[in-house]
Amino acid sequence: MGRSSTAPSGHARRSASTSPSARGRELAREGRELAKQLGSVKAAAVELVNRHHTLTRLQAFRYAAGLSQGQAADRYNEVTENQTNLGATTINEWETWARGRGKGRLPSLPSLFVLCEAYGRGPSGQDNETITPTDLIAEAYERLTPEDQLTIKQLAAARPPQPDTNILRMPRGVAQPDPYDPLGTRQLPARRSDQVGTDFTLTVPTIEYGNPDITLFTLPNARPGLLDLTWETFGYGVDRLSQQIKSLGRRLDVDICFGVNEAGLVMATFLASARFSRCPIGYLRCNKIRDGIELDVASLYPDAKEAPTIVVCDFEVKHADNIGYLTHELRARYPKAELYFAVFGAMTKSRNLDVTRFDDLTGAKIMRAASFEAVFVAATMGPPGIEPPLELR
């Protein structure tokens with residue numbers, strides 16, 4: 001006789017073990033252990049997001065406090081001295097909103113403050129760690145109401161900066177908080193290269209109602225000639241582009257990510273994987289000719305739906321209008337395409353690399369003429385420019 005039909009199959013056992021409730025219990029257990037190990041709910045939440053890239057910050061803080069949605073609701077009511085009667089359904093609606101798929105319900109700013117205190121009490125319920133609303137909804141900040149954003153900014157400006165002592169308690173092997181990203185909004189920590197200069201903010205062309213302000217860095221070069229970038233600097237810049245795209249103000253659903261030559265292709269590969277749900281990758285191989293460039297027959301053009309969304313990745317922008325030629329060719333091949341531009345290095349018109357205006361870049365006019373939906377820039381550079389690792393062309 002064969003095995004009893006009542007015995008659960010291997011598939012059924014696997015499905016049960018990976019159910020949402022089982023995964024939630026496992027993440028809450030992991031969060032409690034991290035909070036105990038690191039001595040901080042905030043540090044534990046950042047580490048959870050680093051380990052589990054599908055988690056939102058709002059979820060990660062709940063897990064770092066070791067709470068289920070029902071327990072989080074109970075803790076919320078405790079903070080308000082039971083003047084509220086919040087349920088697990090509301091916690092779920094807020095976390096669904098944070099995932100940014102057009103579902104769920106936006107939490108009010110007072111509710112976020114209550115959650116900050118609730119999660120700041122930690123797994124024991126007795127701690128008193130300071131958590132801010134920006135900590136909880138860093139990746140969804142741009143989707144708050146303008147009034148809530150302004151209130152949070154004013155509160156942050158009024159609060160004196162607090163030294164983050166958690167980094168001193170981090171054990172070996174655990175991701176360290178990035179001092180250049182104090183809110184921990186990075187999903188993957190990136191080390192700052194010695195080649196990198198100062199950070200600054202620049203207003204760039206972007207989509208309607210999008211976030212026009214990006215944070216980029218300078219690439220000072222004290223020696224004459226090209227600045228040969230290390231892999232560390234290159235990776236740091238690609239990570240910076242990834243964060244700018246994440247902070248655009250809405251989710252960017254990309255159909256094709258094109259790389260211009262080999263360096264751009266490397267950028268496109270990382271961004272397509274990290275930000276664009278592993279969308280198809282295109283390749284624009286450019287050959288120099290007397291009057292500019294032409295596209296090589298080895299270029300690759302993936303099939304796409306009508307009016308696709310396309311991101312073009314290029315290593316640098318100087319004086320030549322190469323990008324104008326490339327965008328013309330892409331629009332001819334993909335009619336009604338929406339084009340976005342991600343460039344690693346943009347040359348400045350003066351020796352001052354931390355420019356105050358987009359038009360202080362030598363390629364500003366070129367990029368404006370290309371009519372991109374939005375522009376992302378990792379770094380600024382001076383002449384004669386920069387060279388990618390291994391001299392990728």
Side-chain angles (χ1 to χ4, degrees), residues 16-99 104-105 107 110-140 162 164-177 182-187 189:
S17 65
T18 57
S19 66
S21 58
R23 182 172 185 268
R25 288 192 295 270
E26 176 60 27
L27 286 169
R29 182 197 61 77
E30 183 180 359
R32 282 193 299 270
E33 292 180 355
L34 281 171
K36 181 178 180 180
Q37 180 184 14
L38 304 178
S40 165
V41 169
K42 186 184 298 186
V46 172
E47 180 63 19
L48 280 173
V49 172
N50 287 337
R51 294 182 181 184
H52 308 281
H53 298 163
T54 60
L55 284 184
T56 64
R57 302 268 295 190
L58 202 54
Q59 289 175 298
F61 270 88
R62 173 168 63 81
Y63 289 134
L67 304 173
S68 67
Q69 290 182 340
Q71 291 168 335
D74 292 341
R75 179 76 66 81
Y76 184 103
N77 295 329
E78 289 174 11
V79 171
T80 65
E81 298 181 347
N82 294 310
Q83 297 181 70
T84 57
N85 189 26
L86 195 78
T89 300
T90 302
I91 298 291
N92 181 62
E93 288 177 341
W94 290 343
E95 292 181 355
T96 300
W97 167 84
R99 284 194 288 271
R105 180 155 60 95
S111 296
L112 287 175
F113 277 107
V114 176
L115 284 179
C116 287
E117 184 171 342
Y119 296 158
R121 293 185 178 183
S124 68
Q126 304 299 317
D127 297 329
N128 189 28
E129 183 174 353
T130 300
I131 298 172
T132 69
T134 310
D135 293 329
L136 291 183
I137 45 87
E139 72 273 272
Q162 299 295 321
D164 188 355
T165 58
N166 292 323
I167 192 170
L168 301 178
R169 298 196 294 269
M170 289 292 186
R172 187 181 301 275
V174 175
Q176 305 288 332
L183 296 178
T185 55
R186 300 180 188 279
Q187 286 192 341

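- Every residue two or more places apart in sequence or in another chain that forms a salt bridge (charged side-chain N to carboxylate O under 4.0 Å, His left out) with R105 is listed here: E93.
- Contact detail for V41 and P123: the closest heavy-atom pair is CG2-CD, 4.3 Å.
- In this structure, CG on L136 lies 12.0 Å from CD on Q59, to the nearest 0.5 angstrom.
- Under the side chain to side chain donor-acceptor pair (under 3.5 Å) criterion, D127 pairs with no residue at all, not counting sequence neighbours.
- For CG of N128, the number of neighbouring non-hydrogen atoms (other residues, nucleotides, ligands) closer than 6.0 Å is 12 at most.
- The shortest distance between side-chain heavy atoms of L55 and Y63 falls below 4.5 Å.
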Using side chain to side chain contact (heavy atoms under 4.5 Å, CB included), reason through T56 and W94 one step at a time and then give a plain yes or no.
CA-CA 11 Å; T56 64; W94 290 343; over 6 Å; no

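- Closest heavy-atom contact between L48 and G31: CD1-CA, 3.9 Å.
- Partners of S124 by side chain to side chain donor-acceptor pair (under 3.5 Å), not counting sequence neighbours: none found.
- In plain terms, the two heavy atoms of L86 and N77 that are nearest each other are N-OD1, 2.9 Å.
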Intermediate values then yes/no, side chain to side chain contact (heavy atoms under 4.5 Å, CB included), Q69 and T90
CA-CA 9 Å; Q69 290 182 340; T90 302; over 6 Å; no

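- When all heavy atoms of A64 and A35 are compared, the closest pair comes out as O-CB, 3.5 Å.
- Sorted by first and then second residue, the salt bridge (charged side-chain N to carboxylate O under 4.0 Å, His left out) pairs involving residues 69-91 (not counting sequence neighbours) form an empty list.
- Note that CG of D135 and CG of L58 are 11.5 Å apart. Values are rounded to the nearest 0.5 Å.
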Pair up each side-chain donor or acceptor in residues 114-121 with any protein partner under 3.5 Å, not counting sequence neighbours, and list the distances.
from: E117; atom 1: OE2; to: R121; atom 2: NH2; distance (Å): 3.1

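- Each of Q37, R29, K36 was evaluated against E33; a single residue qualifies, R29, per the side chain to side chain donor-acceptor pair (under 3.5 Å) test.
- Minimum heavy-atom separation, A88 to A73: N-CB, 3.8 Å.
- The salt bridge (charged side-chain N to carboxylate O under 4.0 Å, His left out) contacts involving residues 59-70 comprise R62-E95, where partners must be two or more places apart or lie in separate chains.
- Separating the CG atom in L27 from the CG atom in L34 is a distance of 10.5 Å, to the nearest 0.5 Å.
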